[in-house]
Number of protein chains: 2
Amino acid sequence: MIRVVVVDDEQLVRAGLRLILEAAPDIAVVGEAADGAGALEQAHRLRPDVMLLDVRMPVVDGLTAAADVVAAGPKVIMLTTFDLDEYVHRALRAGAVGFLLKDTPPRELAEAVRTVAAGNAMLAPTVTRRLISSFAERGPARRDAARQRLAPLTARELEIVREVARGHGNAEIARRLTMSEATVKAHVSRALAKLQAGNRVQLAILVHDADLL
Amino acid sequence: MIRVVVVDDEQLVRAGLRLILEAAPDIAVVGEAADGAGALEQAHRLRPDVMLLDVRMPVVDGLTAAADVVAAGPKVIMLTTFDLDEYVHRALRAGAVGFLLKDTPPRELAEAVRTVAAGNAMLAPTVTRRLISSFAERGPARRDAARQRLAPLTARELEIVREVARGHGNAEIARRLTMSEATVKAHVSRALAKLQAGNRVQLAILVHDADLL
DNA sequence: GAAGACCCCTACCCGCCGTCCGGGCCGGAC
DNA sequence: GTCCGGCCCGGACGGCGGGTAGGGGTCTTC
(Lines give C-alpha, C1' and ligand atoms only; values in the text may rest on other atoms or scores of the structure.)
Protein backbone atom coordinates (compact mmCIF):
# COMPACT_ATOMS: atom_id res chain seq x y z
CA MET A 1 0.00 0.00 0.00
CA ILE A 2 1.41 3.35 -1.05
CA ARG A 3 0.92 6.04 1.60
CA VAL A 4 0.27 9.52 0.21
CA VAL A 5 -0.15 13.01 1.67
CA VAL A 6 -1.99 15.66 -0.34
CA VAL A 7 -1.04 19.32 0.01
CA ASP A 8 -3.09 22.15 -1.49
CA ASP A 9 -4.51 25.35 -0.08
CA GLU A 10 -7.95 24.71 -1.53
CA GLN A 11 -9.95 22.16 0.37
CA LEU A 12 -11.97 21.28 -2.71
CA VAL A 13 -8.83 20.31 -4.61
CA ARG A 14 -7.61 18.19 -1.70
CA ALA A 15 -10.93 16.40 -1.58
CA GLY A 16 -10.84 15.79 -5.32
CA LEU A 17 -7.35 14.38 -5.23
CA ARG A 18 -8.23 12.19 -2.29
CA LEU A 19 -11.21 10.80 -4.17
CA ILE A 20 -9.14 10.10 -7.25
CA LEU A 21 -6.31 8.42 -5.41
CA GLU A 22 -8.38 6.33 -3.01
CA ALA A 23 -10.21 4.87 -5.99
CA ALA A 24 -6.97 2.98 -6.56
CA PRO A 25 -6.78 -0.14 -4.41
CA ASP A 26 -3.05 0.15 -3.75
CA ILE A 27 -3.01 3.82 -2.69
CA ALA A 28 -4.04 5.35 0.65
CA VAL A 29 -4.23 9.05 1.42
CA VAL A 30 -2.98 9.25 4.99
CA GLY A 31 -2.90 13.01 5.48
CA GLU A 32 -3.54 16.48 4.13
CA ALA A 33 -2.00 19.92 4.54
CA ALA A 34 -2.88 23.40 3.34
CA ASP A 35 0.56 25.00 2.98
CA GLY A 36 4.26 24.28 2.88
CA ALA A 37 4.75 24.43 6.63
CA GLY A 38 2.01 21.89 7.19
CA ALA A 39 3.49 19.73 4.45
CA LEU A 40 6.84 19.61 6.17
CA GLU A 41 5.25 18.79 9.50
CA GLN A 42 3.23 15.95 7.97
CA ALA A 43 6.29 14.68 6.13
CA HIS A 44 8.12 14.23 9.42
CA ARG A 45 5.20 12.90 11.44
CA LEU A 46 3.53 10.57 8.94
CA ARG A 47 6.54 9.61 6.83
CA PRO A 48 4.46 9.03 3.69
CA ASP A 49 5.88 7.39 0.58
CA VAL A 50 4.72 10.14 -1.75
CA MET A 51 3.68 13.74 -1.29
CA LEU A 52 1.62 15.75 -3.77
CA LEU A 53 2.58 19.41 -3.47
CA ASP A 54 0.74 22.32 -5.01
CA VAL A 55 3.12 24.98 -6.33
CA ARG A 56 1.16 28.08 -5.34
CA MET A 57 0.14 28.22 -1.70
CA PRO A 58 -0.09 30.95 0.94
CA VAL A 59 2.63 31.44 3.58
CA VAL A 60 5.10 28.79 2.43
CA ASP A 61 4.63 27.77 -1.19
CA GLY A 62 5.25 24.32 -2.56
CA LEU A 63 8.50 25.03 -4.33
CA THR A 64 10.04 26.47 -1.19
CA ALA A 65 8.94 23.51 0.90
CA ALA A 66 9.91 20.88 -1.66
CA ALA A 67 13.60 20.63 -0.78
CA ASP A 68 12.90 20.15 2.93
CA VAL A 69 10.18 17.61 2.25
CA VAL A 70 12.51 15.64 -0.02
CA ALA A 71 15.15 15.70 2.68
CA ALA A 72 12.58 14.34 5.13
CA GLY A 73 12.12 11.23 3.03
CA PRO A 74 9.01 11.29 0.83
CA LYS A 75 9.09 11.42 -2.94
CA VAL A 76 7.60 14.69 -4.15
CA ILE A 77 5.25 15.25 -7.05
CA MET A 78 4.58 18.90 -7.83
CA LEU A 79 1.15 19.92 -9.02
CA THR A 80 0.41 23.13 -10.86
CA THR A 81 -1.94 24.74 -13.30
CA PHE A 82 0.75 26.36 -15.41
CA ASP A 83 3.96 24.64 -16.39
CA LEU A 84 6.16 27.72 -16.25
CA ASP A 85 9.82 27.05 -16.89
CA GLU A 86 10.85 28.60 -13.64
CA TYR A 87 8.55 26.35 -11.66
CA VAL A 88 9.94 23.28 -13.36
CA HIS A 89 13.54 24.32 -12.85
CA ARG A 90 13.13 25.05 -9.18
CA ALA A 91 11.11 21.90 -8.57
CA LEU A 92 13.59 19.58 -10.21
CA ARG A 93 16.53 21.23 -8.51
CA ALA A 94 14.74 20.86 -5.19
CA GLY A 95 14.63 17.14 -5.79
CA ALA A 96 11.05 16.64 -6.99
CA VAL A 97 10.67 13.54 -9.15
CA GLY A 98 7.26 14.39 -10.51
CA PHE A 99 5.76 17.47 -12.12
CA LEU A 100 2.16 17.25 -13.27
CA LEU A 101 -0.47 19.67 -14.48
CA LYS A 102 -3.79 19.78 -12.72
CA ASP A 103 -5.58 18.68 -15.87
CA THR A 104 -3.87 15.31 -15.70
CA PRO A 105 -6.40 12.47 -16.12
CA PRO A 106 -7.17 10.62 -12.87
CA ARG A 107 -5.76 7.33 -14.12
CA GLU A 108 -2.43 8.93 -14.93
CA LEU A 109 -2.29 10.61 -11.59
CA ALA A 110 -2.55 7.27 -9.80
CA GLU A 111 -0.03 5.83 -12.22
CA ALA A 112 2.32 8.69 -11.45
CA VAL A 113 2.09 7.96 -7.74
CA ARG A 114 3.00 4.33 -8.37
CA THR A 115 5.84 5.26 -10.70
CA VAL A 116 7.32 7.67 -8.21
CA ALA A 117 6.90 5.26 -5.30
CA ALA A 118 8.86 2.71 -7.33
CA GLY A 119 11.79 5.11 -7.52
CA ASN A 120 11.21 6.44 -10.99
CA ALA A 121 10.06 9.79 -12.32
CA MET A 122 6.96 11.11 -14.03
CA LEU A 123 6.59 14.45 -15.80
CA ALA A 124 3.78 16.04 -17.74
CA PRO A 125 4.35 15.55 -21.49
CA THR A 126 4.88 19.24 -22.16
CA VAL A 127 7.47 19.38 -19.40
CA THR A 128 9.22 16.31 -20.71
CA ARG A 129 9.37 17.88 -24.12
CA ARG A 130 11.14 20.98 -22.91
CA LEU A 131 13.43 19.02 -20.65
CA ILE A 132 14.52 16.98 -23.64
CA SER A 133 15.19 19.99 -25.82
CA SER A 134 17.20 21.69 -23.11
CA PHE A 135 19.11 18.44 -22.75
CA ALA A 136 19.71 17.97 -26.45
CA GLU A 137 20.95 21.53 -26.91
CA ARG A 138 23.31 21.94 -24.05
CA GLY A 139 23.62 18.24 -23.62
CA PRO A 140 26.53 15.91 -24.15
CA ALA A 141 27.21 17.16 -27.62
CA ARG A 142 30.32 18.98 -26.49
CA ARG A 143 30.96 16.59 -23.64
CA ASP A 144 31.37 13.51 -25.80
CA ALA A 145 33.44 15.42 -28.31
CA ALA A 146 35.74 16.58 -25.54
CA ARG A 147 36.07 13.08 -24.14
CA GLN A 148 36.97 11.76 -27.51
CA ARG A 149 39.66 14.36 -27.88
CA LEU A 150 41.04 13.40 -24.48
CA ALA A 151 41.06 9.72 -25.38
CA PRO A 152 44.67 9.48 -26.67
CA LEU A 153 46.01 10.59 -23.29
CA THR A 154 47.71 8.15 -20.97
CA ALA A 155 46.12 7.48 -17.59
CA ARG A 156 48.90 9.42 -15.90
CA GLU A 157 48.68 12.26 -18.37
CA LEU A 158 44.95 12.54 -17.85
CA GLU A 159 45.46 12.58 -14.13
CA ILE A 160 47.82 15.49 -14.46
CA VAL A 161 45.67 17.32 -16.95
CA ARG A 162 42.79 17.10 -14.52
CA GLU A 163 44.96 18.79 -11.90
CA VAL A 164 45.74 21.47 -14.43
CA ALA A 165 42.03 21.94 -15.01
CA ARG A 166 41.61 22.65 -11.33
CA GLY A 167 43.85 25.65 -11.70
CA HIS A 168 46.85 24.19 -9.91
CA GLY A 169 50.38 25.18 -10.87
CA ASN A 170 53.03 22.68 -11.87
CA ALA A 171 54.78 22.86 -8.51
CA GLU A 172 51.54 22.20 -6.67
CA ILE A 173 50.70 19.30 -8.94
CA ALA A 174 54.15 17.88 -8.31
CA ARG A 175 53.56 17.97 -4.57
CA ARG A 176 50.13 16.41 -4.86
CA LEU A 177 51.23 13.55 -7.04
CA THR A 178 54.66 13.26 -5.39
CA MET A 179 56.88 13.72 -8.39
CA SER A 180 59.35 16.27 -9.71
CA GLU A 181 58.05 19.48 -11.19
CA ALA A 182 60.05 18.73 -14.30
CA THR A 183 58.08 15.53 -14.71
CA VAL A 184 54.81 17.36 -14.45
CA LYS A 185 55.94 19.71 -17.15
CA ALA A 186 56.89 16.83 -19.37
CA HIS A 187 53.48 15.25 -19.00
CA VAL A 188 51.74 18.53 -19.65
CA SER A 189 53.90 19.04 -22.70
CA ARG A 190 53.05 15.63 -24.07
CA ALA A 191 49.37 16.27 -23.45
CA LEU A 192 49.59 19.59 -25.26
CA ALA A 193 51.20 17.91 -28.24
CA LYS A 194 48.70 15.06 -28.38
CA LEU A 195 45.72 17.39 -28.15
CA GLN A 196 47.25 20.00 -30.43
CA ALA A 197 46.72 22.61 -27.75
CA GLY A 198 48.91 25.64 -27.31
CA ASN A 199 48.01 26.46 -23.75
CA ARG A 200 47.34 24.75 -20.50
CA VAL A 201 44.18 26.81 -20.43
CA GLN A 202 42.95 24.92 -23.44
CA LEU A 203 43.59 21.69 -21.59
CA ALA A 204 41.52 22.97 -18.69
CA ILE A 205 38.67 23.89 -21.02
CA LEU A 206 38.68 20.45 -22.58
CA VAL A 207 38.58 18.72 -19.23
CA HIS A 208 35.75 20.97 -18.11
CA ASP A 209 33.74 20.33 -21.24
CA ALA A 210 34.32 16.63 -20.71
CA ASP A 211 32.95 16.93 -17.17
CA LEU A 212 35.88 15.44 -15.30
CA LEU A 213 36.58 16.73 -11.85
CA MET B 1 -6.45 9.50 -37.29
CA ILE B 2 -2.79 9.18 -36.33
CA ARG B 3 -0.71 7.46 -39.00
CA VAL B 4 2.08 5.27 -37.65
CA VAL B 5 4.92 3.23 -39.14
CA VAL B 6 6.46 0.41 -37.11
CA VAL B 7 10.13 -0.49 -37.55
CA ASP B 8 11.70 -3.60 -36.05
CA ASP B 9 13.83 -6.38 -37.46
CA GLU B 10 11.68 -9.10 -35.92
CA GLN B 11 8.45 -9.68 -37.74
CA LEU B 12 6.80 -10.99 -34.59
CA VAL B 13 7.47 -7.74 -32.76
CA ARG B 14 6.09 -5.72 -35.65
CA ALA B 15 2.94 -7.81 -35.66
CA GLY B 16 2.55 -7.38 -31.92
CA LEU B 17 2.95 -3.63 -32.08
CA ARG B 18 0.51 -3.42 -34.96
CA LEU B 19 -2.07 -5.38 -32.98
CA ILE B 20 -1.63 -3.17 -29.95
CA LEU B 21 -1.85 0.09 -31.85
CA GLU B 22 -4.71 -0.80 -34.16
CA ALA B 23 -6.78 -1.68 -31.12
CA ALA B 24 -6.92 2.06 -30.59
CA PRO B 25 -9.64 3.65 -32.72
CA ASP B 26 -7.66 6.80 -33.47
CA ILE B 27 -4.42 5.10 -34.58
CA ALA B 28 -3.65 3.44 -37.90
CA VAL B 29 -0.47 1.51 -38.73
CA VAL B 30 0.19 2.45 -42.34
CA GLY B 31 3.54 0.75 -42.87
CA GLU B 32 6.34 -1.43 -41.55
CA ALA B 33 10.07 -1.70 -42.05
CA ALA B 34 12.79 -4.08 -40.89
CA ASP B 35 15.81 -1.80 -40.65
CA GLY B 36 16.92 1.81 -40.64
CA ALA B 37 17.19 2.08 -44.42
CA GLY B 38 13.63 0.86 -44.84
CA ALA B 39 12.50 3.22 -42.12
CA LEU B 40 13.93 6.21 -43.92
CA GLU B 41 12.36 5.14 -47.20
CA GLN B 42 8.95 4.73 -45.57
CA ALA B 43 9.31 8.03 -43.79
CA HIS B 44 9.71 9.81 -47.12
CA ARG B 45 7.10 7.83 -49.03
CA LEU B 46 4.32 7.50 -46.46
CA ARG B 47 4.92 10.66 -44.43
CA PRO B 48 3.52 9.14 -41.23
CA ASP B 49 2.83 11.21 -38.14
CA VAL B 50 4.76 8.93 -35.82
CA MET B 51 7.45 6.32 -36.30
CA LEU B 52 8.32 3.61 -33.80
CA LEU B 53 12.02 2.73 -34.17
CA ASP B 54 13.75 -0.24 -32.63
CA VAL B 55 17.25 0.61 -31.42
CA ARG B 56 19.02 -2.57 -32.40
CA MET B 57 18.58 -3.60 -35.99
CA PRO B 58 20.80 -5.13 -38.68
CA VAL B 59 22.46 -3.04 -41.40
CA VAL B 60 21.30 0.43 -40.28
CA ASP B 61 20.29 0.55 -36.61
CA GLY B 62 17.57 2.74 -35.24
CA LEU B 63 19.78 5.30 -33.55
CA THR B 64 21.67 5.92 -36.76
CA ALA B 65 18.50 6.30 -38.77
CA ALA B 66 16.70 8.45 -36.21
CA ALA B 67 18.18 11.80 -37.18
CA ASP B 68 17.34 11.34 -40.86
CA VAL B 69 13.84 10.16 -40.06
CA VAL B 70 13.25 13.17 -37.84
CA ALA B 71 14.48 15.43 -40.62
CA ALA B 72 12.00 13.77 -42.97
CA GLY B 73 9.11 14.85 -40.80
CA PRO B 74 7.73 12.13 -38.53
CA LYS B 75 7.98 12.22 -34.76
CA VAL B 76 10.21 9.39 -33.56
CA ILE B 77 9.68 7.10 -30.60
CA MET B 78 12.61 4.82 -29.86
CA LEU B 79 11.96 1.32 -28.60
CA THR B 80 14.49 -0.79 -26.81
CA THR B 81 14.88 -3.59 -24.31
CA PHE B 82 17.61 -1.92 -22.30
CA ASP B 83 17.64 1.75 -21.38
CA LEU B 84 21.39 2.23 -21.63
CA ASP B 85 22.54 5.77 -21.09
CA GLU B 86 24.29 5.88 -24.41
CA TYR B 87 21.14 4.87 -26.27
CA VAL B 88 19.14 7.57 -24.57
CA HIS B 89 21.74 10.26 -25.20
CA ARG B 90 22.07 9.47 -28.86
CA ALA B 91 18.34 9.15 -29.36
CA LEU B 92 17.50 12.48 -27.77
CA ARG B 93 20.29 14.24 -29.57
CA ALA B 94 19.02 12.79 -32.84
CA GLY B 95 15.71 14.46 -32.15
CA ALA B 96 13.62 11.55 -30.85
CA VAL B 97 10.76 12.74 -28.64
CA GLY B 98 9.95 9.34 -27.18
CA PHE B 99 12.03 6.62 -25.59
CA LEU B 100 10.17 3.55 -24.35
CA LEU B 101 11.12 0.12 -23.11
CA LYS B 102 9.62 -2.91 -24.77
CA ASP B 103 7.90 -3.90 -21.55
CA THR B 104 5.70 -0.81 -21.72
CA PRO B 105 2.01 -1.71 -21.20
CA PRO B 106 -0.07 -1.59 -24.42
CA ARG B 107 -2.28 1.20 -23.16
CA GLU B 108 0.69 3.42 -22.43
CA LEU B 109 2.18 2.70 -25.81
CA ALA B 110 -0.95 4.01 -27.54
CA GLU B 111 -0.97 6.95 -25.16
CA ALA B 112 2.64 7.68 -26.04
CA VAL B 113 1.78 7.75 -29.73
CA ARG B 114 -0.99 10.26 -29.06
CA THR B 115 1.22 12.37 -26.81
CA VAL B 116 3.97 12.52 -29.40
CA ALA B 117 1.58 13.21 -32.24
CA ALA B 118 0.29 16.17 -30.23
CA GLY B 119 3.78 17.64 -30.18
CA ASN B 120 4.78 16.57 -26.69
CA ALA B 121 7.23 14.00 -25.39
CA MET B 122 7.02 10.69 -23.61
CA LEU B 123 9.84 8.83 -21.90
CA ALA B 124 10.02 5.63 -19.91
CA PRO B 125 9.95 6.45 -16.18
CA THR B 126 13.49 5.21 -15.57
CA VAL B 127 14.75 7.38 -18.39
CA THR B 128 12.88 10.40 -17.09
CA ARG B 129 14.43 9.88 -13.71
CA ARG B 130 17.97 9.99 -15.00
CA LEU B 131 17.24 12.88 -17.29
CA ILE B 132 16.02 14.84 -14.29
CA SER B 133 19.03 14.09 -12.16
CA SER B 134 21.40 15.06 -14.95
CA PHE B 135 19.45 18.28 -15.27
CA ALA B 136 19.34 19.05 -11.57
CA GLU B 137 23.08 18.56 -11.17
CA ARG B 138 24.23 20.72 -14.00
CA GLY B 139 21.56 23.28 -13.37
CA PRO B 140 22.20 27.01 -13.22
CA ALA B 141 23.34 26.74 -9.64
CA ARG B 142 27.01 27.10 -10.46
CA ARG B 143 26.37 29.37 -13.40
CA ASP B 144 24.80 32.11 -11.32
CA ALA B 145 27.44 31.79 -8.65
CA ALA B 146 30.17 32.19 -11.25
CA ARG B 147 28.48 35.23 -12.76
CA GLN B 148 28.24 36.83 -9.40
CA ARG B 149 31.92 36.30 -8.82
CA LEU B 150 32.66 37.87 -12.17
CA ALA B 151 30.47 40.88 -11.39
CA PRO B 152 33.18 43.19 -9.96
CA LEU B 153 35.09 43.10 -13.23
CA THR B 154 34.95 46.10 -15.52
CA ALA B 155 33.64 45.68 -19.04
CA ARG B 156 37.11 45.74 -20.50
CA GLU B 157 38.47 43.32 -17.96
CA LEU B 158 35.65 40.90 -18.63
CA GLU B 159 36.30 41.16 -22.33
CA ILE B 160 39.91 40.22 -21.80
CA VAL B 161 39.12 37.46 -19.34
CA ARG B 162 36.80 35.96 -21.91
CA GLU B 163 39.67 35.88 -24.36
CA VAL B 164 41.75 34.18 -21.72
CA ALA B 165 38.99 31.60 -21.29
CA ARG B 166 39.27 30.82 -24.98
CA GLY B 167 42.82 29.70 -24.44
CA HIS B 168 44.49 32.65 -26.11
CA GLY B 169 47.87 33.90 -24.96
CA ASN B 170 48.51 37.47 -23.92
CA ALA B 171 50.21 38.34 -27.18
CA GLU B 172 47.32 36.97 -29.20
CA ILE B 173 44.80 38.81 -27.07
CA ALA B 174 46.76 42.00 -27.59
CA ARG B 175 46.56 41.55 -31.35
CA ARG B 176 42.87 40.77 -31.28
CA LEU B 177 41.95 43.76 -29.18
CA THR B 178 44.62 45.98 -30.70
CA MET B 179 46.50 46.94 -27.57
CA SER B 180 49.89 46.37 -26.04
CA GLU B 181 50.68 43.02 -24.50
CA ALA B 182 51.65 44.82 -21.32
CA THR B 183 48.15 46.21 -21.12
CA VAL B 184 46.64 42.79 -21.45
CA LYS B 185 48.80 41.58 -18.61
CA ALA B 186 47.73 44.46 -16.43
CA HIS B 187 44.08 43.72 -17.03
CA VAL B 188 44.60 40.05 -16.35
CA SER B 189 46.47 40.93 -13.20
CA ARG B 190 43.65 43.16 -11.97
CA ALA B 191 41.12 40.45 -12.70
CA LEU B 192 43.18 37.91 -10.79
CA ALA B 193 43.33 40.21 -7.79
CA LYS B 194 39.63 41.03 -7.86
CA LEU B 195 38.60 37.41 -8.15
CA GLN B 196 41.27 36.20 -5.76
CA ALA B 197 42.51 33.76 -8.36
CA GLY B 198 46.09 32.58 -8.60
CA ASN B 199 46.06 31.40 -12.17
CA ARG B 200 44.66 32.43 -15.49
CA VAL B 201 43.36 28.90 -15.68
CA GLN B 202 41.08 29.66 -12.76
CA LEU B 203 39.78 32.67 -14.66
CA ALA B 204 39.02 30.44 -17.62
CA ILE B 205 37.14 28.01 -15.40
CA LEU B 206 35.04 30.80 -13.94
CA VAL B 207 34.11 32.14 -17.33
CA HIS B 208 33.20 28.70 -18.53
CA ASP B 209 31.04 27.99 -15.51
CA ALA B 210 29.35 31.33 -16.12
CA ASP B 211 28.60 30.26 -19.71
CA LEU B 212 30.18 33.21 -21.48
CA LEU B 213 31.71 32.61 -24.85
C1' DG C 1 37.66 74.18 -11.50
C1' DA C 2 39.89 71.23 -8.64
C1' DA C 3 40.04 67.08 -6.18
C1' DG C 4 38.98 62.53 -6.37
C1' DA C 5 37.61 58.07 -8.27
C1' DC C 6 37.61 54.99 -11.90
C1' DC C 7 39.14 53.05 -16.03
C1' DC C 8 42.45 52.34 -19.61
C1' DC C 9 47.00 52.10 -21.10
C1' DT C 10 52.32 51.30 -20.79
C1' DA C 11 57.17 49.81 -19.15
C1' DC C 12 60.34 46.85 -16.55
C1' DC C 13 61.63 42.65 -13.46
C1' DC C 14 61.20 37.91 -11.95
C1' DG C 15 59.12 33.35 -11.54
C1' DC C 16 56.52 29.89 -13.79
C1' DC C 17 55.38 27.51 -17.99
C1' DG C 18 56.63 24.89 -21.97
C1' DT C 19 60.32 22.68 -25.09
C1' DC C 20 64.08 19.81 -26.02
C1' DC C 21 66.86 16.32 -24.77
C1' DG C 22 67.93 12.13 -22.46
C1' DG C 23 67.62 7.94 -19.20
C1' DG C 24 65.25 3.83 -16.84
C1' DC C 25 61.47 0.56 -16.96
C1' DC C 26 58.32 -2.83 -18.79
C1' DG C 27 55.82 -5.21 -22.49
C1' DG C 28 55.70 -7.82 -26.87
C1' DA C 29 58.04 -9.61 -31.54
C1' DC C 30 61.33 -12.20 -33.70
C1' DG D 1 68.59 -13.13 -25.78
C1' DT D 2 67.89 -8.77 -28.36
C1' DC D 3 65.52 -5.36 -30.39
C1' DC D 4 61.74 -2.25 -30.39
C1' DG D 5 58.10 0.75 -28.81
C1' DG D 6 55.42 3.00 -25.25
C1' DC D 7 55.20 5.04 -20.84
C1' DC D 8 57.00 7.38 -16.81
C1' DC D 9 60.56 10.25 -15.01
C1' DG D 10 64.25 14.11 -14.76
C1' DG D 11 67.43 18.44 -16.04
C1' DA D 12 68.61 22.82 -18.53
C1' DC D 13 67.23 26.54 -21.43
C1' DG D 14 64.11 30.40 -23.73
C1' DG D 15 59.71 32.60 -23.64
C1' DC D 16 55.37 33.62 -21.65
C1' DG D 17 52.79 34.90 -17.55
C1' DG D 18 52.06 37.84 -13.49
C1' DG D 19 53.47 41.64 -10.06
C1' DT D 20 54.57 46.46 -9.32
C1' DA D 21 54.78 51.35 -10.39
C1' DG D 22 53.20 55.03 -12.82
C1' DG D 23 50.98 58.35 -16.61
C1' DG D 24 46.69 60.16 -19.07
C1' DG D 25 41.58 60.31 -19.83
C1' DT D 26 36.73 61.06 -18.34
C1' DC D 27 32.98 61.59 -15.10
C1' DT D 28 31.19 62.79 -10.62
C1' DT D 29 31.10 65.88 -6.46
C1' DC D 30 31.76 69.75 -3.83
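To find a chain, count down the sequence lines: A is the first, B the second, and so on, and within it residues start at 1. Everything quoted here is computed from the prediction, not taken from an experiment.
Protein atom CG of A:Asn199 is 10 Å distant from nucleotide atom C1' of C:dG18, rounded to whole Å. For B:Arg190 and D:dA21, the CZ to P distance is 13 Å, given to the nearest whole Å. One atom, CD of A:Gln202, and another, P of D:dC16, lie 15 Å apart when rounded to the nearest Å. Spacing between atom CD of A:Glu159 and atom C1' of D:dC9 amounts to 14 Å, rounded to whole angstrom units. Regarding A:His168, its NE2 atom lies at a distance of 20 Å from the P atom of D:dG17, rounded to whole Å. Straight-line distance from the CG atom of B:Leu203 to the C1' atom of D:dG18: 11 Å, rounded to whole Å. One can place CD1 of A:Ile160 at 8 Å from P of D:dC8, the figure rounded to the nearest angstrom. What separates CD of A:Glu157 from P of D:dC9 is a distance of 11 Å, to the nearest Å.
The A:His187 side chain lies nearest to D:dC8 when the options are D:dC8, C:dT10, D:dG18. Relative to the side chain of A:Ala186, the nucleotides C:dA11, D:dG10, D:dG18 differ in distance, and D:dG10 lies closest. Closest to the side chain of A:Arg200, out of D:dG11, C:dA11, C:dG18, is C:dG18. Listed candidates were D:dG17, C:dC17, D:dC8. Nearest to the side chain of A:Arg156 is D:dC8. Listed nucleotides C:dG18, D:dG18, C:dC9 differ in distance to B:Leu192; the shortest reach to its side chain belongs to D:dG18. Listed nucleotides C:dT10, C:dT19, D:dG18 differ in distance to A:Lys185; the shortest reach to its side chain belongs to C:dT19.
In this structure, B:Ser180 does not reach the C:dC9 phosphate: none of its side-chain N or O atoms is under 4.0 Å from OP1 or OP2. Regarding contacts with the backbone of D:dG17, a side-chain N or O of B:Asn170 is found under 4.0 angstrom from either OP1 or OP2.
Among the heavy atoms of the strands lying under 4.0 Å from B:Thr183 is at least one base atom, whether or not backbone atoms are also near. As judged by a 4.0 angstrom heavy-atom cut-off over every strand, B:Thr154 is placed among residues touching the sugar-phosphate backbone only. Nucleic acid contact class of B:Ala193 (heavy atoms, under 4.0 Å, all strands): none.
Atom-to-atom distance recorded for A:Arg162:CZ and A:His168:NE2 is 12.0 Å, nearest 0.5 angstrom. Taking CD1 of A:Ile2 as the start and CZ of A:Arg114 as the end, the distance is 6.5 Å to the nearest 0.5 Å. Atom-to-atom distance recorded for A:Glu111:CD and B:Glu108:CD is 5.0 Å, nearest 0.5 angstrom.
Only one option out of B:Arg14, B:Arg56, B:Lys102 pairs with B:Asp8 in a side chain to side chain donor-acceptor pair (under 3.5 Å); it is B:Lys102.
At a cut-off of 3.5 Å, with distance as the only test, no side-chain donor of B:Asn199 or A:Arg200 sits close to an acceptor on the other residue. If you check the side chains of B:Asn120 and B:Thr115, you find no donor sitting under 3.5 Å from an acceptor.
Nearer to the 5' terminus of DNA chain C, by closest-nucleotide assignment, is the contact made by B:Leu177 (compared with the other of B:Leu177 and A:Gly198). Taking for each of A:Lys194 and A:Met179 the nucleotide of DNA chain D with the nearest heavy atom, the 5'-most of the two is the partner of A:Lys194.
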